[in-house]
Amino acid sequence: MTPPNEPGHIDWLILLPIAGLLMFSVAFVYSASSSFAAVKFGSSEQLFWNHAIRVLLGLVLMIAVAKLDYHFWERISATALLIAVGFLVMVLLVGAQVKGASRWVHIGPVNFQPSELAKFTLVLHTAVILSSKKAILGEWRKGILPVMAWTIPVCIMVALQPNLSTSFVIFLIILAMLFLADVRPVHLSAIVILGMIVGGLYAVSAEYRLRRLMSFFGMDNVDESVSYQLNQALIAFGNGGITGLGPGQSRQRDWFLPESYGDFIFSIVGEEYGFIGVALLVGAFVLVMWRGFGVARKAPDAFGRLLAGGITTTLASYALVNAGVTCGLLPTTGLPMPFISYGGSSVFFSAIAIGVLLNISSHAGVYRRKAPATPINA
Amino acid sequence: MSNPEYDPIRWKAGVLIAAFAFAFSLVVGRVFWVQVMEGARYRDLARKQYESKVALRAERGRFFDRHMREIASTVSTTSFAVDPKLIEHPDLVAQLLATVVGDRADEYLQKIRQASGRFVWLARGVNTVMYPILDTITDRGLIRVREPKRSFSYGPGAAQIIGTVDTDNNGLTGLELQFDSLLKGEGGFVVMQRDGRGQLRAGVNPERKSARNGNSLQLTIDIELQRVAEQELRRGIDECGAASGTVVAIEPATGEILAMASVPTFNPNRLDQASPDAVRIRAITDQYEPGSTMKTITAAALLEERKIAPNDRVDGFGGVLQMQGHIIRDDHPLNATTFQIAFEQSSNIVFGTLSKRIDDRRFYKYVRDFGFGIPLGIDLPGEVRGRLKRPNEFDAYSKFFMSYGYELSATALQMLNAYAAIANNGTMMQPHLVKGFLAPNGDMQEEVKPQVIRRVVSRETAEIVRDMLVSVVERGTGQNARIAGVRIAGKTGTAQQVQNGIYSKEAYTASFVGFYPADNPRVAMIVMLDKPTVSIYGGSTAAPIFKKIVQKTMTMLQLEASVQTMIAASAAADTVVVPDVRGLRTPTADTVLRRLGLQLLDTPDTGLIMRQTPFPGMRTARGTEVGVELTAQNSHIRPDVTGFTLRRAVTVLHSSGYEVRVSGSGRVIRQEWTGPVCTLVAQ
């Protein structure tokens, strides 16, 4: 039933903002990491080169995946999710051995975060399940339970790393997909309430999480290290003003703001490029988000629609949570800003996800709206 | 669900778009609030944490003596640090510092290479005055920090009056405290940029305020006189076994203090090691019952009131006077005699008796006018006022005892200033230590003019007292201060100290106070010794110190040539010919010099004496210090003894550890070496 479409058509309103974000992220990371890298590695360009290479690989990966028919993912989603779960188990076991938090898997020279893989494959497989069970989604046992059977273990394992924020966002993404998939509101509400109870219990089960939350809501003495970081992030924003200090002129990166090139890079953008830069950056995400949901509306089949919706939700919620944390709207957590923060796993999986979205878009006929009768290139 | 064409995702996606758009707009709003509305506040916070004010120290003012000789200055030591990122010639810097400071160049290089930050100290407190080359290096990465430190050109001379400064440039004692605000100047600052680890670097066009250096002081002190006074006082204290002592010299016509010595003294750069006893300015902080030196004041009062004249007859009662409950004895018993002679012989009985001729109030007025019982207001911290009873506190014997220096106490400076008033024809001047205030660049800003306090007695009375004082030195108890050719006016004092409420038979205050030349007094001086033990009398302990200081400093006064010659001749009686100590070891030389009344400057026993000053054969004053230079340690030089007497040659060679064989007698004409054995041929 797929409408004929010119092969390899590219949705520029998605690709251009994303490519732009990636390009700028190289400049952002270079500036934000230079002071740290100079002392840590002896060269202020060390992290810049790491990141530039990853961005380049990410772009290549994105184009390659965009060429790949998205129905390919339908076939491998279960296997991929199983592998991801395997990695999660592995991380937990290793973490138990070294008695500490571990979010990384080391395979030869490659280090990556299995939670990123799990998030992506879970979105894939959820789209598969929900689209294949479209007719029986109204039933709790047959329709929703299979989805939750994957989601809950993944969320628990990620939360145990411990990485509550990622777990929480993954759960939200799946909820959004259930919502998009037309699950009965009663069931959805039940899951939300259940999730809130479990999440709430987990949040207060460790003292540092509780204190962090309480200090965010002003109910406890402020956690020094967390409030210091947030305060420095706000100083970075404020220091930038409307027009910013200019590229490479950040002062907060000079050991004032920890993680200036990672989870808190958004504030360095604010410092160097000002409110204008921040608005453009957020605008790029909003554009991709709007465009992504547009793809979700118009994809030729249910799988494509749900997958596009899931991918868009993932991207938008990561960007939103990171931005919200950095400017102090949300409690401090460790989520990267997609395409902007330094970090390989985040760049690669985000690039793959956008590649998939681009491919769905090329099937969705988004560009045929003005001339619905005849294919442009036919 | 019945219509396969319709997927509710069409509107639900719209819901999510709206939700996300709303959430993103919250973020943008929040960032707008922080960046634009609250921006100024955060920029302020940012500036505060980036900027660090580094203080620039003002150079503390200097001290000069009355002839503008620099006594205390501030040397600028420099501390060196590098910024390892910016340094261009690390090898050169390391090499130069190593040469000057003495550490190893590779250690400096290692410090530079291993540095983790942008600032590493290499060497601190280097005196670059000696090594100007260090100021010529220009290297972007070399950081110099100036750190001032007091330097005393005349060693510990005048230590107490100049005083001490703490590490924060605050005056703690002496003039450093008295004139702290003038001396310290005003510090400045430079704003440096700081990173999150607290490391500093210079910004572009940094905000700065230069330091304003402190004012300098020209003192009334003559540093040469001061040094002689300290030296002679120390020696005198040693000789008579006193606990401490003070010498003050003043110019009677102006009140300018020429010297103010206190012993024991201390090293002003090491206040932490000094005992409080050594830091005190004894001449103004310690009060004594003065004893017989007070008789001059009593005599002046009696003469001014015309109650007596020098040649009037008085009765000494054979040296013993009984009053109800008191027996008064004189050391030099007198019977019927003149007032003049009673003064020369310092008769307590005569003065006590004569004091009855003047009523209590008049007597009190004179004593008070001479400066007793009130602080002199000298420009030093810590002056005490002494103790003087008011007439209504007098008992039946108060005036009797006060007339010869008991029942009242005074500082050495108060007593001296009273004599200076006599020397100045009856007019008392304000004693002071600061002659002028100098701008930081050395220009005179304000000179301190001599100030009259009051006229105490008439010119006629002052002249009579002066003559009486001259005869004390020429015929009376002050003969130990006599110097042929100079008329010295002076009076001795020997006072029992009160210990545990009663007058002690062991603890005395011995003093001599006077002025010279008597006809045109240029210097008034007091020597005061606390608890002398070898002799208790001012005439035999303090007077000789007075004499030696006068002898050694006469040439400074620019007197007529004939007087100078006379003084030189009198001084010659106290001189010796410097012996030849070259070739000797220091202990031997010390013994030789000591026997002649000379002193060997502290020298370790690490070799043979190579050179000496003064040279052998020169005539010099007893007590002169002889400086020597030694041969290198453990060197195996073979002393050249040709021309020496045999006895001396043998001594020299033995003290160097050589074996000696002798042939002939008389002076050595040749010496021959066979290993460690030296054969001397004499003729």
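Side chains included, hydrogens not; waters and symmetry mates left out as well; all remaining heavy atoms used.
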Taking only heavy atoms into account, what residues of residues 84-93 of chain B are found under 4.5 Å from chain A?
none

Name the option with the most non-hydrogen atom pairs under 4.5 Å to chain B; the candidates are A:Val282, A:Ile242, A:Ile235.
A:Ile235

Please check if atom OH in B:Tyr50 has more than 12 non-hydrogen atoms from other residues, nucleotides or ligands closer than 6.0 Å.
yes

Looking only at heavy atoms, what is the nearest atom pair of A:Gln232 and B:Gln49, with distance?
OE1-NE2, 2.7 Å

Between B:Ile9 and A:Ala296, what is the shortest heavy-atom contact and its length?
CG2-O, 3.8 Å

Contacting region of B:Arg47 [heavy-atom separation from chain A under 4.5 Å]
neither

Just verifying a value: how many Å separate A:Arg297 CZ and B:Trp11 CH2, rounded to the nearest 0.5 Å?
11.5 Å

Atom pair CG (A:Asn239) and CG (B:Leu45), whose distance is rounded to the nearest 0.5 Å
10.0 Å

Engaged part of A:Thr313 at the chain B interface, taking heavy atoms whose separation is under 4.5 Å:
both

Write out, in numerical order, the residues from residues 31-43 of chain B with a heavy atom short of 4.5 Å from a heavy atom in chain A.
B:Val31, B:Phe32, B:Val34, B:Gln35, B:Val36, B:Gly39, B:Tyr42, B:Arg43

Verify the ring-centre separation between A:Phe285 and B:Phe20: is it less than 6.0 angstrom?
no

Are there over 12 heavy-atom neighbours, none belonging to B:Gln95, within less than 6.0 Å of that residue's CD?
no

Tell me, side chain or backbone of A:Ala308 under 4.5 Å from chain B's heavy atoms, or both, or neither?
neither

CD1 of B:Ile17 to CZ of A:Arg291: how many Å apart, nearest 0.5 Å?
10.5 Å

Surrounding NZ of B:Lys209 (heavy atoms of other residues, nucleotides or ligands, distance under 6.0 Å), is the total greater than 12?
yes

Let me know if A:Thr312 has heavy atoms under 4.5 Å from chain B in its side chain, its backbone, both or neither.
neither

For chain B, the option from A:Leu329, A:Val278, A:Thr326 that forms the most heavy-atom pairs under 4.5 Å:
A:Leu329

Side-chain heavy-atom pair B:Val27, A:Leu320 within 4.5 angstrom cut-off
yes

Taking every heavy-atom pair that is under 4.5 Å apart, which of A:Gly309, A:Gly324, A:Gly270 has the most such pairs with chain B?
A:Gly270

Closest approach of A:Val39 and B:Arg197, non-hydrogen atoms and distance?
CG2-NH1, 3.4 Å

For each of B:Asp44, B:Val28, B:Val15, B:Leu16, tally heavy-atom pairs with chain A at distances under 4.5 Å, and name the one with the top tally.
B:Leu16

In terms of heavy-atom pairs under 4.5 Å with chain B, which of A:Phe266, A:Trp290, A:Phe293 leads?
A:Phe293

Please check: side-chain N/O of B:Lys12 versus main-chain N/O of A:Ala181, any donor-acceptor pairing under 3.5 Å?
no

